[in-house]
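This report refers to the structure that appears directly beneath it.
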Amino acid sequence: MKRILLMGNPNVGKSVVFSRLTGANVIVSNYPGTTVEFTKGRMKLDSTRAEVIDVPGTYTLGPTTPAEQVATDMMAEGDVIINVVDATNLERNLNLTLQLLNSGKPVIVALNMWDCAEHKGIQIDLAKLEKRLGVPVVPTVAPSGEGISQLVARLEEATTGSIQFDEEQRWSVLGGIVEEVQTVTHRHHTFLEHLADLSLKPETGIPLAIIVAFLSFAVIRLVGEGLIGYVFDPFFDGVWAPLMMGLSGVLGSGGFWHTLLIGSLIGGKIEFFESMGLLTTGLYVPLAAVLPYVFAFYLVLSILEDVGYLPRLGVLVDTIFHRLGLHGLTIIPMALGLGCNVPGALSTRILETRRQRFIAATLMAICVPCMAQTAMIVGLMGQSDNPTLGLFAVFGTLAVLWVVLALIFKHALPGESPEIFIEIPPYRVPYFRAVGQKVWLRTRQFITEAVPFVLLGVFVVNILYALHIIQFLGQLFAPIIIRLWGLPADAVAALLIGFLRKDVAVGMLAPLGLSLKQLIIACVMLAVYFPCVATFVVLLREFGARDMAKAAALMVVVALGVGGLLNLIL
Amino acid sequence: MMRRLAAMGLYRGAAITKTSSQPFRGPVSVQVGNTEVALGFGLARRVMVEVPG
C-alpha cells in the first residue's frame with residue numbers, strides 16, 4: 001500500500017488537509033504543535049487504498065524538538081510527500097520544501113491558506129513556482145475543501161523536483177524564488193491584526209487577558225448552568241425519576257438488582273447524587289451534572305484555540321512563569337487539563353525538554369482539576385451553606401499549591417527552563433464548522449470514554465460496600481482520614497473511587513453530611529492525592545515507571561501535608 | 001540555536017520589525033516576513049540588528 005506523508009511547517013493546516021483526504025476527524029487548532037504524534041488514516045486513490053500519515057509540523061529536517069524528531073524519522077517510511085505550505089508565509093515554508101526536495105522523495109506542494117493570502121494582498125504566480133521547484137503546486141483552502149480534489153488528482157505527478165542548489169546557498173536561493181513568484185500589494189492593517197497587536201502588548205494585553213478569562217468563565221457558567229437548569233434537570237426530574245420509581249416498584253426495594261440499578265431510596269425518593277444505582281447516579285452524574293459543563297468548556301476552549309489566542313497568552317505569562325521556573329507555553333497543557341487531564345498530559349509535548357514536560361505534567365495532575373471534577377465540586381458546594389467561600393477555598397488552595405510546587409521543582413530539579421521561542425499565529429476567524437466538529441469530537445470522546453468509567457465506578461462502589469471492603473479500608477486508614485484530615489471514615493470510599501473517576505468520587509461525598517470545612521478538605525484531597533486511571537496511564541506512557549513513581553510519591557506527600565495543614569488552619 | 005532561528009526565517013540578513021515586548025525582561029516579539037515570532041529576553045538581546053538608513 002502506498003504511504004502518503006503530509007509534511008509542512010507547524011500550524012499550516014496539515015491536519016485539516018488530513019481530515020479532508022481521509023474523512024477522519026482529528027483535533028485541529030490555530031497554534032503550532034497541536035499534532036504531537038503522527039496520525040494515520042486511509043484514503044481511496046484510483047480504486048486502490050493508500051495510507052495517509054499526518055506528520056507533526058517541522059520547520060527543518062534537522063530535528064530540534066521531539067515533534068520534529070518524529071517527523072524526520074517518519075520521512076524514511078513514506079512513498080510520496082504532500083508538502084503543505086502556508087501561502088501567506090512563502091519564504092519560511094519553502095525552506096522546508098527545498099529540504100524535502102533534496103531528500104529524494106517525490107513531493108507535491110499543497111499551497112494552503114490560499115484564501116488568506118489573497119486577503120493579505122499576496123499574489124503568487126503558480127506556474128512560475130511550479131517551474132522553479134519542478135514539482136506540482138496546487139492551491140488549497142483546506143477548511144472548505146477547495147483544491148483538495150485537484151491535489152488528489154495530481155498526486156501521481158509528484159516528483160523529486162529539478163531544483164539544484166548548494167546547501168550553503170539555501171536562503172539566497174529561497175529569496176530568489178520568493179522574489180520571482182510573489183507580489184505583495186501593500187494594504188492597511190485589518191481589525192484582526194490590530195487586535196492581535198493589542199493582545200500582545202503588555203499594557204493592553206494583560207487587561208485583555210483578564211477580560212478573556214472572565215468572559216470564558218462567564219460563558220462556561222452560563223451555558224453549563226443553562227443546559228442543566230433548562231434541559232437536563234427537567235428531563236431527569238420530570239421524566240427519568242418517575243420512570244425509575246416505576247422500575248423500583250417492580251424490582252422491590254432491597255434486592256440485589258434494586259441496589260445495583262436504582263441504589264438506595266432516600267426518604268422514599270431517588271436522589272440522583274446519592275442513590276448510587278447504575279441507572280440513577282450512574283447516568284445522572286456524567287450526563288446531567290458533568291456533560292453540560294464539559295460541552296461548555298470545550299466550546300470556549302475550541303474558539304480560543306482556533307482564533308489563535310493561546311500562544312499569545314503563553315507569551316504574556318512567560319515572564320511570571322519563568323520566575324516560577326516554567327515556560328510560558330506551560331499555559332497550554334494547563335488550559336487543556338482544565339477540560340480533561342489526558343489531553344493536557346499529551347500536550348506537554350509542545351515543551352522542549354523532558355524536565356519541563358515532567359514538571360508541567362505533574363503540576364497539572366496534582367493541581368488542575370478536570371472539568372468533570374470541577375462541575376461536581378461546584379454542584380456539591382452549591383448544597384453547602386456557603387458555596388462561594390467553599391469554591392474560593394478549594395480553587396484558591398489548588399492555585400497556591402501550584403505556585404509552591406512549581407517553585408519547589410525549580411530548585412529541586414537540576415536544569416534550566418529554556419527561553420520561549422515560538423511562532424505566533426495570526427488571529428483567524430474560526431470556521432464555524434471546524435469549531436463545531438471539534439466540540440462534538442471532544443464531547444463525544446467524553447461520552448464514549450468517561451460514561452463507561454462512571455458506570456464502572458458506581459458498580460465497584462456497590463460491590464465494595466457489599467463485600468465490606470470499604471468498611472475495612474475505612475478502619476485501616478482511619479488515622480489519616482479521621483485524625484489528620486478530620487474527615488469521616490466513609491470518605492475512604494470516595495478516595496478509592498477517585499482512582500477510577502474523580503467526578504463520581506466527588507459525588508460520593510454528598511451523602512456523608514460533611515461540614516463546609518470537611519467539604520473543602522475532601523475536594524482538595526480528591527484533586528491532589530492521585531490522578532484518575534486514564535491520566536495515570538498516559539503519564540506512565542509519557543514518562544516511564546521511574547519518574548511516575550517519583551511523581552506518585554510527591555502526590556502522597558502533598559496530600560498528607562496539605563490535608564493536615566488545611567485541617568489545622570481552617 | 002542559529003539553525004532554529006533560521007528555520008523560522010530569522011537568518012543572517014533578514015529584515016525584522018519588533019512588535020512588542022513584555023516588561024521585566026520578558027519575551028520580545030518580532031515580525032519576520034509574514035511570521036510573528038516571540039523570543040525570550042536572553043535570546044532577543046543576542047539578536048544584532050542594524051537600523052536601515
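Quick note: numbers below take in every heavy atom, side chains included, and nothing from hydrogens, waters or symmetry partners.
Residue L198(A) places its CG atom among more than 12 non-hydrogen atoms of other residues, nucleotides or ligands, all under 6.0 Å distant. Within 6.0 Å of CD on E203(A) lie more than 12 heavy atoms contributed by other residues, nucleotides or ligands.
The most heavy-atom pairs under 4.5 Å with chain B, out of N89(A), L90(A), N93(A), come from N89(A).
S29(B) is not listed as a side-chain neighbour of V315(A), based on a closest heavy-atom distance of 4.5 Å or more.
When heavy atoms are compared at a cutoff of 4.5 Å, T35(B) approaches chain A by way of both its backbone and its side chain. Of the two parts of I122(A), only the side chain, counted from C-beta on, holds a non-hydrogen atom closer than 4.5 Å to a non-hydrogen atom of chain B.
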Apply side chain to side chain contact (heavy atoms under 4.5 Å, CB included) to E193(A) and E36(B), showing your working. CA-CA 11 Å; E193(A) 282 165 332; E36(B) 194 170 10; over 6 Å; no
Side chain to side chain contact (heavy atoms under 4.5 Å, CB included) between I320(A) and F24(B): does it pass, once the steps are laid out? CA-CA 9 Å; I320(A) 301 172; F24(B) 308 111; over 6 Å; no
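Panel note: side chain Q22(B), backbone D318(A); no donor-acceptor pair is recorded below 3.5 Å. Looking only at distances, a side-chain donor or acceptor of E419(A) sits under 3.5 Å from a matching main-chain atom of F41(B).
Partner of P27(B) under the side chain to side chain contact (heavy atoms under 4.5 Å, CB included) criterion, out of L316(A), L200(A), I420(A): I420(A) alone.
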